[in-house]
Structure formats: C-alpha cells, structure tokens
Amino acid sequence: MTEVRTRIAPSPTGFFHIGNAKTALYNWLVARQNNGTFILRLEDTDVERSRDEYADIIGEALTWLGINWDEGPGFHGQPDTGDYGPYRQSQRHALYVREAERLVTEGKAYRCFWSLDDIEAERELARQEKRATCRSPWRDATPERVAAEGDAPYAIRFRVPEGVTEVHDLVQGVVRVDNKEVDDFIIVRPSGDPVFHLAVVVDDGLMKVTHVIRGDDHLTNAAKHVMLFEALGYTVPKFAHHSLVHDEHGKKYSKRLHGANVLDWRTDGYLPETLLNYLALLGWAPSDDRELFTVDELIKEFSLERMGLSAGRFDLKKIQWLNGQHIRMLSREALLDRLLPVLRNAGLDVDSKPRDWLLEIVAICQEKLRTLNDIVAQADFFFAEPCEYEEKAAQKHWAKDGAMADMRLLADAMRAVELWTPDALHAVYNALAERLGSGLGRLVHPTRLALTGKSVGPGLFELATLLGRETCIARMERAMTYVESMGGDQS
RNA sequence: GACCCUAUCGUCUAGUCUGGCCUAGGACACCAGCCUUUCACGCUGGCGACACGGGUUCAAAUCCCGUUGGGGUCGCCA
C-alpha cells in the first residue's frame, strides 16, 4: 500500500485565511487517519507579492490550530529531506523549468513570443467571434521560425491536446471538460519564473502527493492539472474539491471581514479545537447526529466520502455555542491555563494568587463562558474592587426602602458566621429572608451589586466565599457609604 | 458571455448513490415554559424546509429533462 500524502499549499501573500484553515484541516485529517504525511508547501512563485512575514504568519496560524505532527518540532514539511520546515517553490525554480523544457522537447509545450499587446488583441478578437479559446500562432510555428527569434524573450505554453479531460473527484464525481474550452496556458513566464499550474503539478508529482484536497475554486484548474500530470508522465493523484466558506450573507468570506484571519479567532477567545470542529462540520457531516468532536475524534471519523457539495455559511451564533461546549469539556486545570493569559492581558493580577484559589474561580465560571474572553467580565472583581456599579441595577436594588438596612444586617451577620462557607452564607440569607417574609432575591441582588459591581455573575454564595469575609464586608460597607453619599436610602 | 459545480427549515445539515421505513430527523438561532438568587447551563414544548415546471413509476426529497437561483473558473495571481 502506498503511503498517503496530502499537502497544504498556501501562498504567502497575506494572512492565513479561514478557507486555508478548512483546506489544511481536511488534508491533515486524511493524512493523520491514514498514518500518512502532511506536507506544507509555500507557493511563492509570485515574487512580487510573496513576503517572508506572511510565511511566518502561516506557521503561527497552523501551530495555534494544532495542525502539525506531535513528534516533530514543527511541520513535517519535507518528508523526503527530513527537514521540518516547509517547501518553498521559490527555491525550486530550476526543477520546474527543467520539466517545462522537457515538455518543449517532447512537443507537449512550445515557446511563444507573443507580446502582452498581441495577447490582449487576440483575446478581444476571440470574444467578438465568440470563441472559447484563443490559440497562439506559435503553437504551430516551425523550428526555423522559432530559431529566427534568437534571444527574444518567450513564454512557454502548454500545448493542450485534443479530446476531453476527466477529473475524477472523490466528492464531485467525474467532471468532464472539453479541451477545446481550455487555452494553451502559460507554464513559464518570459522572466523564467514558473507559473502556479506547472509548479503545483511538478511538486505534487515529485512529492508523490496521493490526495489533492482543496477548495472547489480549483475545480476548473484541475482539468489543466490532469493534462499536465499526464504530459509529464506522473501518476495522477486523487482529487477532492471541497466547498468554499461563505460569510453569513452567503458571499465569499472576504479578506476584509473580521474572522477571515484565522488568528482573529484566537484574539476573540476561541479554542482552536472549536474552530477545527466547526470547520469540519462546514462541509462534512457524520452519519449520526453528533456535532461535538474532539480533534482525535475528527481524525477517526472524518471521511472524504461524506463531504458535502455546496458552500456553507459561517454562523457566528453556532460557533459561539460550540466554543461554549468545548470550554465545558476542558478540565479545570486546562481551562485555567488558557484563561491565565487572557486575565493577564486585561491587566488583572493573577500571578500573585494561589493556583488553588484560581481553580475555584474557574470552577464557578466554567459553565458560563462562551469565549475565553468572557472570563474578564465574569471574574474581574475577584482581582480588583469594582470601580463602578451598574447604574440600572443600583436603581433597582439599592434605591428601595430598607435596602441598606438589610445590607447592614447582612454585614453584621457575616461577621458572626463561624465557618466561612457557601452553606453558612446561604443560611444567613435564608434566615433574614424568612424573617422579612420575602424571597432570597431581595437580599441577594443588592449584595451581588456591592461585591461585584454587576447584576449578573456566578452564584453569590460561592463567589462571596472565594472573595473572603473581610473583602465582602468591606465592599458592603463601601456600597452603603456610596448610597448614602448619593442621598439614597433614608432608613 | 462561455464553461464547470451546486440547490432540504433563517443558518449548518441527515436522508438522495441502492425510489416506498420521510405526514422529512438533528443542531444553532428564535418563541413559550420549567429549573433558579441573576446570567448562563440544563430540561420540555413550539415555529420552521424538499427552489420551480415537466416527465419516469403503483410509489420521488430521492431517478431523468428543462427553468430559475447561488457559487466558481475563464491571467505572464495562486
């Protein structure tokens, strides 16, 4: 059995797009589930637009997503050289040109001395005559005619053969393209630089890639590639063209949109496994109703055969929900480790605090988080006094007659509590509520506001326990003083 | 414009290949209710789709043709 080899071949001309991530994921999953190899190849044949820093960003995005190999220091970029760095097409020019020249020698490609102006004129003519293709006159030029051009710059064009080309696609089925629809495309520029189509095929052929999995924007190109594979005498790989990722309006996910950049999701507090899970579902579905998948489960269950054909829209609400589910699946320890940087980033002093105490906070917040960033609003008061009180809540809970008298009683009762536990606090509140003949809410909400500055948050007795008796009482005193200064409660 | 791909609830989808088990299932969202000290979680219920038109068949979401909609490709970009 031949080793399964897949690849992701992004061009370093911008950030790592969400669509790139989908392609990378599918290729990586197929490689992993077959114990194969996943190749990273930077398609930087466009010298003008390719930049080194973009290559670094691709690496950073893939690393964050966890799309790499556990046993390697980075990506298993170059399986045949043992180098873990990615292949770079810019370093393989000679190879492509050599193969192109071979095609010329074999009569499968030819030199074309057309100028850009000539081409434009011919295209215009073809349009007017409603021809699908325009053929270069150099296609059938005699060797003498070619020789007569001497050192003039030329492009190398592929001589598209007669007939019909079939792309056997694992998800799309057999796609037939009449070769008459395909131009003699350029494979080497007059500058000597190879063009994408040539580089891809030479690389996939020489690297022994078995599955070419990519977006269906390449479906039409695939016909050209099949022709090249055959002309070059390489084994044609299996193709699988997946649907594209659309935005919420059903349009192509624009690079300008927030979230187009994979790393946007990291800054927004999403777990990489959430994004992977979501992207997997956007174009693939299991045979049962499950939607929540760990990365290992995806590796086990994913299959090209069950891939969908139509493009899926990115649904923010759904990925938010999914992220909440993944957050809940995390152990407290693991979640804390992910939360720490977020807390630090918000300027909260977490490093002087005992880890056990931090873990307790995680425990009472975990089920409320949809993103990691939510922890700041959820737990900032543990690290600093509330600097302001929600105005609406203050109106509602503190302005009532007797609210401050209640708080006075509660603060006093707190001093007397023997064991500072949630149960003990609960008992204190229950006792007073009963005496007043009211619900717990009348007492809980004003206290919550005093302790956290907010109207919502974790369970009051749990958070108060973690805050500590002194802090709680101090914050209640402060609240009472505040209300008094505002000329509120007169009791 | 030509060529290629595609079409099930608002969204993601199961079911389509191998017609009947589909008065079309699930999830997100939304609505109502329950739980509850708040929010969230969880639970219960509700709303809600086979794009349209022709065939084929005893029977079609499922097969065939056409129409329409959506997407993609037509570069010396990838």
Side-chain angles (χ1 to χ4, degrees), chain A residues 9-13 43-46 48-50 89 112 114-116 119 123 126-127 130-133 153 155-157 167 169 171-173 175-178 180-183 185-191 193-197 199-200 214-224 241 243-244 246 248 250-252 278 281-292 306 308-322 324-325 328 365-370 374 377-378 393 397 426 429 433 439-445 447-449 452 454-461:
Chain A
S11 56
T13 53
E43 311 227 314
D44 53 357
T45 49
D46 184 351
E48 301 278 306
R49 296 197 299 151
S50 299
Q89 290 189 329
C112 173
W114 250 4
S115 71
L116 281 167
I119 295 171
R123 273 206 194 104
R127 251 194 298 275
K130 293 192 181 353
R131 272 181 288 134
T133 47
I156 298 179
R157 281 182 187 273
V167 179
D169 193 285
V171 326
Q172 313 268 352
V175 178
R176 290 183 186 80
V177 176
D178 191 328
K180 283 201 279 287
E181 302 289 336
V182 185
D183 271 333
F185 50 96
I186 287 178
I187 53 178
V188 178
R189 302 179 178 100
S191 63
D193 294 320
V195 169
F196 162 75
H197 298 299
V200 175
R214 52 168 32 165
D216 69 14
D217 49 338
H218 283 298
L219 189 54
T220 316
N221 287 334
K224 293 179 184 175
H241 289 88
S243 59
L244 266 20
H246 284 179
E248 57 183 326
K251 299 291 175 201
K252 197 165 144 185
Y278 186 74
L281 252 23
L282 208 60
W284 166 85
S287 54
D288 55 24
D289 286 335
R290 279 187 306 154
E291 301 205 275
L292 199 55
R306 291 195 60 82
L309 297 163
S310 53
R313 300 181 189 198
F314 212 98
D315 184 353
L316 186 63
K317 284 281 186 4
K318 182 128 188 181
I319 194 174
Q320 277 173 349
W321 168 79
L322 198 57
Q325 298 297 315
R328 258 156 246 142
C365 293
Q366 183 161 21
E367 64 178 13
K368 296 175 189 300
L369 302 177
R370 282 176 102 74
D374 289 346
Q378 200 70 232
H397 301 303
H426 203 154
Y429 278 69
L440 220 44
R442 169 176 161 184
L443 303 177
V444 163
H445 297 306
T447 309
R448 172 189 299 287
L449 189 58
T452 71
K454 302 176 216 292
S455 57
V456 300
L460 179 69
F461 306 128

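Letters A, B, ... are given to chains in the order of the sequence lines, protein chains preceding strands, and every chain is numbered from 1.
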Ignoring backbone atoms, establish whether [X] has a side-chain N or O less than 4.0 Å from OP1 or OP2 of [N].
X       : N       : value
R290(A) : rA14(B) : no
Q325(A) : rG42(B) : yes
R123(A) : rC76(B) : yes

Is there a donor and acceptor pair closer than 3.5 Å between the side chain of [X] and the base of [N]?
X       : N       : answer
K318(A) : rA29(B) : no
K368(A) : rC39(B) : yes
D44(A)  : rA78(B) : no
R442(A) : rU37(B) : no

### Task
Give, for atom CD of Q366(A) and atom CD of Q378(A), the distance between the pair rounded to the nearest 0.5 Å.
12.0 Å
## Note on the structure
Taking for G457(A) and for L309(A) the nucleotide of RNA chain B with the nearest heavy atom, the one nearer the 5' end belongs to L309(A)
### Summary
Whichever of W114(A) and R306(A) has the more 5' nearest nucleotide on RNA chain B, that residue is R306(A)
For atom [atom1], what is the distance between [N] and [M], given to the nearest Å?
N       : M       : atom1 : value
rU56(B) : rU44(B) : C1'   : 45 Å
rC22(B) : rA60(B) : C1'   : 11 Å
rC21(B) : rG66(B) : P     : 28 Å

May I ask you to say what [X] touches in the nucleic acid, namely base, sugar-phosphate or nothing, with a heavy-atom cut-off under 4.0 Å?
X       : result
V175(A) : sugar-phosphate
N221(A) : base
Y278(A) : nothing
E43(A)  : sugar-phosphate
K454(A) : nothing
G439(A) : nothing
T45(A)  : sugar-phosphate
I119(A) : base
W284(A) : nothing

Whole-Å gap separating [atom2] ([N]) and [atom1] ([X]):
X       : N       : atom1 : atom2 : answer
K251(A) : rG69(B) : NZ    : C1'   : 11 Å
I187(A) : rA78(B) : CD1   : P     : 13 Å
K224(A) : rC76(B) : NZ    : P     : 8 Å
D217(A) : rC74(B) : CG    : C1'   : 13 Å

### Query
Is any side-chain N of the basic residue among E291(A) and K318(A) closer than 4.0 Å to the acidic one's carboxylate O?
yes
### Query
In terms of side-chain geometry, is the basic nitrogen of R290(A) or D288(A) positioned less than 4.0 Å from the acidic oxygen of its partner?
yes
### Task
For L244(A) and A311(A), work out which heavy atoms get closest and say how close.
O-CB, 3.3 Å
